[in-house]
Each structure stands twice: as C-alpha cells, then as structure tokens.
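Written below as structure tokens is the structure these notes are about.
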Amino acid sequence: MRPVVVSGAGMIPFERRDEDSLVDMLAAASLHAMDDAGLGDRPVEAVYVGNMASGLFNHQVSVASSLVDRLNLLPAAADRVENGPASGGSAIKNGLLAIASGYYDIVLVAGGEKMREVIGPRSTDIVAAMTHPEAEYIYGVTLPAMAGMFARLYMDKYGITREHLAHVSIKNQGNGLLNPYAHIQMNITMEGILTHPQSHINNPVVADPLHLYDCCPVSDGAAAVLLTSLDVAKELKVPIVEIAGFGQATDTQTLQERSDPTDLKAVSLAAQNAFAMAGIQPEDINVAELHDAFTILEIAESEHVGFFEKGEGAKALARGETRIDGKLPINPSGGLKARGHPVGATGVAQVVELVWQLRGEAGERQVKDAVNGFSLNFGGFGNNVLAFVLRREA
Amino acid sequence: MKTITAFKCTNCGHVMYPRHERCLNCNNREFEEIEPTEKCKLLTYTIVNELPWGIDERGRVLGVVEFENGVRALGLIESDDPKIGMNLKTDWGVVRVIGGLKTYGLTFT
C-alpha cells in the first residue's frame with residue numbers, strides 16, 4: 001500500500017437548505033475541496049459519492065454520475081457508495097484503496113444527504129429502513145429507539161446517568177458555537193436540559209431514556225475531500241495529512257443477536273485495525289471525531305475504541321478531559337449533535353474536521369499541536385463501522 | 001397462534017432469529033425450525049414518542065425479550081410499566097399498517 005494524502009478538504013454549512021438540491025450541495029463541497037488542494041485543471045480520475053438514501057429522500061438516483069456532469073469532471077469514473085450512516089466513511093475507504101493500490105492518483109470523495117425535503121416522520125421512516133425488515137422495521141423501531149434500548153442497558157451496566165449524557169450534549173453544542181459549519185448554533189445549560197423542574201419542556205423524551213438533546217438533528221449538507229498519492233500532493237504543495245490507518249468491521253444486524261448487546265464489537269475491531277495499520281496506540285491520538293448520533297454513543301465509542309476503559313469514559317467526560325482544551329478533545333467540531341448528521345455527509349465531514357485540526361486551520365476550536373487524528377463512522381446500529389487515523393507530517 | 005419462526009442449529013444448538021443461511025456460531029447450514037415459548041423475559045425496552053410515518057401514536061413501548069428456549073426478539077410491549085427482567089406472555093397481533101395492509105408481529109403482555 002502506498003501513502004494516500006488528503007490534499008483538499010471542503011464542506012458547506014450543514015443546516016436546512018431548502019434552496020439547494022443534493023447535487024447542488026455535493027458540487028459546492030467538491031469545489032471547495034478541489035480549490036483547497038489547488039487542483040486547477042488537473043483531471044480527477046475517479047469520484048466516490050457517499051449517500052444513503054437519495055432515492056427515498058429526493059427521488060433521485062445515480063447522483064455520482066450527476067455530480068461529475070455538473071462539475072465537468074468527465075470522463076472520470078463515478079460511483080455512489082451506500083452504507084447507511086457510514087456511507088461517507090465507506091466512500092473514503094473506496095478512494096483510499098483506489099489510490100493505495102496504485103490504480104488512481106487523484107480521487108474526489110464527496111458525501112451528502114438532503115433529508116429535510118421530507119417531513120420529520122417520513123425522514124424517521126426512511127432512516128428506519130436500515131433496520132431488519134421482518135425482525136425490527138415492522139414494529140415501528142427507529143434509530144433513536146435502538147439507541148434508547150442500548151442506552152438503558154449501557155447506563156445500567158456502567159452507572160451512567162442522564163447528567164453524563166447531558167455533559168456530551170453541552171460540550172458538543174458549545175463546540176458547535178465555534179464552528180461556522182455546524183447546524184445547531186445554541187448554547188445550552190445543565191439547568192435548561194436537565195435540572196430545572198420544567199426542563200422536560202425544552203428537552204422532551206424522544207425514545208426513553210433518550211431526550212431531544214441526546215439526539216442529533218436532521219440536516220441537509222455535504223462535505224468533500226480530494227485524495228491524492230503522495231507524489232501528487234508534493235506537486236500541489238499542500239500540507240501533508242496522510243490517511244495513516246483504516247479499519248472496518250461488521251456485526252449482527254439486530255442488537256438482540258449480540259451475546260452482549262452492550263458490546264460494540266465492530267467499533268472495537270474497526271478501531272484496532274486502524275491503529276494497527278497506522279502503527280500507533282489509542283493514547284497517541286490528539287483529537288477525535290466520534291459518531292455521536294446519540295449522546296450515549298460518544299461515551300460508549302470512546303471506551304470501545306480504547307481511549308478509556310469500559311465505564312471510565314463518562315467519568316473522563318465529566319472531568320472535562322474531552323473538551324477542546326482537555327487531554328483528548330472529542331468532537332471539537334460539535335460532532336453530529338451540533339454539526340448535524342446529513343447521513344451520507346457525516347463520515348466525510350469528520351475527516352474534513354480532522355484535516356483542518358491537523359493543519360492548524362480550525363479557528364476558534366483549534367486543538368493545540370495535534371499530530372494524530374481519529375474518526376469513527378458508525379453505520380446501522382453499530383453493525384457496520386469504519387475508523388480512520390489521520391497523521392500530519394512532522 | 002401464528003408466530004415467528006426461529007432457527008436452531010442442528011450441529012451446535014445455537015438459536016437464531018432472524019434467519020441466517022449459515023450458523024452465527026459454527027457456519028453449519030442446517031437448522032431445526034423452532035417457535036417462541038409462551039413465557040419470556042424483558043431484556044431491554046424503550047418508550048418511543050417520535051414514531052415513523054404511518055404510526056399515529058406516542059408512547060409506544062418497544063422491547064427485546066428472551067424466550068425460554070434462548071431465542072431473542074424485538075416486539076411490541078403492551079405494559080404501561082415495563083421493567084427490565086419482568087416476565088411477559090408472548091402474543092401475536094397487528095403491529096403496523098403498511099400501505100393499507102395490516103402487518104402482524106410479536107406482542108407481549
């Protein structure tokens with residue numbers, strides 16, 4: 001495998017974007033990434049688009065073909081990559097392996113989703129289409145419901161309280177205020193979402209024990225990276241941020257078939273593989289973007305990837321260790337909680353944030369002196385997970 | 001009573017639901033078809049207020065149970081006061097109407 005560099009990174013602000021189509025958003029993020037790399041007129045050889053459900057949300061398919069047409073990247077190879085909420089991560093994987101193999105030198109990876117074209121319950125239903133049709137979907141299960149059932153077990157087992165969950169929410173919303181690309185720009189307090197007797201009005205139950213502020217918003221958005229070989233990166237004279245590690249693993253589709261449903265095996269395995277490929281340990285990571293579609297997941301993932309022992313993640317969080325100025329900043333971007341989760345965009349947006357952090361371009365939310373970054377893109381309910389390690393050249 | 005079909009591996013005895021073509025434990029491809037038992041225990045649950053399009057209700061209780069033969073399944077919990085570990089009785093009923101058609105599934109009382 002030869003080195004692969006993220007030579008360009010770009011995205012558009014995640015929000016409700018009524019004026020933009022999915023391809024409008026993908027095109028804008030792609031141009032941002034291409035211009036960031038200073039690519040000019042050099043040809044892009046292949047394009048991978050991470051998108052979960054354009055056919056259902058937008059009644060449009062073959063969006064990768066549409067994107068190359070829109071950007072005049074013709075005759076580049078173009079594919080849409082679908083892997084549920086990890087579609088963005090899977091698109092990056094495809095680009096990474098295509099360059100690492102030596103087949104291509106310049107690959108554009110874009111991820112996007114336009115979810116707000118449909119009303120909330122429709123969107124909930126479309127997202128629930130990733131569950132098992134016969135064993136889950138027919139019962140009206142939603143992703144927050146899966147997370148609620150998981151949270152109840154995880155919280156019981158490790159003594160996690162709603163206050164711990166609120167710490168995730170407050171930290172990530174605070175970070176989001178420093179990120180102009182984040183969807184939810186809102187300063188929230190423990191009193192407002194948990195301790196005030198009327199906090200349930202601000203923060204109603206979505207899927208008990210999870211409340212509104214435990215869940216990511218429904219967003220429109222897109223993000224893109226331009227991946228190149230090291231030789232091309234040197235020609236472009238970009239800062240060298242390499243994808244040093246990658247891992248992916250799967251688990252049973254339904255939660256109940258896992259012998260211990262609190263054990264997110266695919267998260268642990270994906271992370272272990274990414275660390276092994278990069279030749280580093282979890283403690284070498286300086287900044288991480290985890291998949292906090294639900295607050296409980298940030299805590300559980302921080303333990304499963306090896307940043308903390310099981311049961312210690314919530315304590316470290318409460319001590320402030322995962323804040324931007326803490327020992328291991330987690331989700332300086334605001335995470336899915338604040339940045340938003342336009343499903344197919346998320347895995348790409350996580351890598352975009354790491355590139356900005358490792359280059360020192362993250363503005364007010366800059367993590368100091370970060371060399372190694374880590375991202376985790378959690379598909380299904382933990383049944384298809386990707387992890388990446390990014391490294392800045394010393 | 002109509003119910004789901006679960007699967008018991010003829011080689012290692014591992015029980016599975018839903019269907020897999022190869023045993024999750026030993027890769028064997030032959031299974032005995034088994035049914036849920038009448039009694040089961042609640043392993044986890046959630047009370048869902050934001051339900052998908054087509055289910056016009058709030059406060060639906062969904063949970064995972066374990067039957068006496070070890071099979072586990074998700075279903076509709078028809079108890080107002082669910083508790084982890086509580087004993088439930090297995091039943092079968094309408095769980096969702098999809099495109100005007102009644103869809104039946106596991107319910108627990």
Side-chain angles (χ1 to χ4, degrees), chain A residues 56 118-157 200 203-212 214-215 218 251-262 294 296 381, chain B residues 4-7 14-20 23-25 36 40 42-67 70-78 82-85 93-99 101-108:
Chain A
L56 296 169
V118 301
I119 60 167
R122 278 277 189 211
S123 169
T124 301
D125 189 44
I126 290 170
V127 174
M130 77 179 81
T131 64
H132 193 284
E134 159 201 330
E136 295 177 326
Y137 175 81
I138 60 165
Y139 297 98
V141 80
T142 63
L143 267 290
M146 301 286 283
M149 290 188 288
F150 172 81
R152 188 175 302 287
L153 293 174
Y154 208 84
M155 290 167 80
D156 272 4
K157 185 166 180 181
H200 63 278
N203 195 15
V205 173
V206 171
D208 171 74
L210 301 178
H211 291 235
L212 181 64
D214 293 308
C215 306
V218 178
D251 201 348
T252 61
Q253 186 170 8
T254 66
L255 201 59
Q256 69 260 19
E257 282 208 286
R258 301 175 194 167
S259 54
D260 176 358
T262 63
F294 307 99
I296 186 68
F381 196 83
Chain B
I4 59 164
T5 301
F7 302 88
H14 190 73
V15 291
M16 283 163 283
Y17 176 75
R19 183 189 178 90
H20 304 270
C23 175
L24 288 176
N25 186 48
C40 61
L42 186 60
L43 296 185
T44 186
Y45 66 94
T46 180
I47 303 166
V48 191
N49 284 338
E50 307 287 336
L51 284 147
W53 177 261
I55 303 180
D56 293 329
E57 58 181 78
R58 288 174 67 79
R60 173 175 281 215
V61 186
L62 296 174
V64 172
V65 303
E66 185 168 303
F67 303 103
V71 172
R72 295 175 184 174
L74 178 82
L76 202 58
I77 312 297
E78 293 177 337
K83 288 201 170 36
I84 285 182
V94 176
V95 292
R96 190 168 188 168
V97 179
I98 301 174
L101 289 174
K102 286 178 182 167
T103 302
Y104 288 78
L106 291 166
T107 62
F108 304 100

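Numbers restart at 1 for each chain; the letters A, B, ... are given by sequence-line order, proteins then strands.
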Legend entry - Choice from A207(A), P144(A), A151(A) maximising heavy atom contacts with chain B below 4.5 Å: A207(A)
Inset, instruction - Against chain B, work out which of R152(A), M146(A), H132(A), E134(A) has the most heavy-atom pairs shorter than 4.5 Å and name it. - result: R152(A)
Inset, instruction - Measure the spacing between CD1 of I84(B) and CE of M149(A) and express it to the nearest 0.5 Å. - result: 11.5 Å
Inset, instruction - First locate atom CD1 of I138(A), then atom OG1 of T103(B), and finally report the distance between them rounded to the nearest 0.5 Å. - result: 6.5 Å
Inset, instruction - Dump the intermediate steps for side-chain contact (heavy atoms from CB on, under 4.5 Å) on D208(A) and Y45(B), then the final yes or no. - result: CA-CA 8 Å; D208(A) 171 74; Y45(B) 66 94; 4.2 Å; yes
Inset, instruction - Of all the heavy-atom pairs spanning A145(A) and T46(B), show the shortest one and how long it is. - result: O-CG2, 3.5 Å
Inset, instruction - Quick one: closest heavy-atom pair of P18(B) and T254(A), and the distance? - result: CD-CG2, 4.0 Å
Inset, instruction - Would you mind checking which part of L255(A) comes under 4.5 Å of any heavy atom in chain B, side chain (CB onward), backbone (N, CA, C, O), both or neither? - result: neither
Inset, instruction - Answer with side chain, backbone, both or neither: which region of T262(A) has an atom nearer than 4.5 Å to a non-hydrogen atom of chain B? - result: neither
Considering only heavy atoms from C-beta outward, does the side chain of [X] approach that of [Y] to under 4.5 Å?
X	Y	value
E50(B)	T142(A)	no
R72(B)	P261(A)	yes
V141(A)	L74(B)	yes
I119(A)	W53(B)	yes
E257(A)	H20(B)	yes

Legend entry - Contacting moiety of I98(B), where chain A heavy atoms sit under 4.5 Å: side chain
Inset, instruction - Tell me, for Y17(B) versus chain A, whether the close heavy atoms (under 4.5 Å) come from the side chain, the backbone, both or neither. - result: both
Inset, instruction - Could you check which of I55(B), L24(B), V15(B) has the highest count of heavy-atom pairs closer than 4.5 Å to chain A? - result: L24(B)
Legend entry - Six-ring centre of Y139(A), R60(B) cation under 6.0 angstrom, axis tolerance 45°: no
Legend entry - Contact listing (chain B partner; residues 123-130 of chain A; heavy atom under 4.5 Å): T124(A), D125(A)
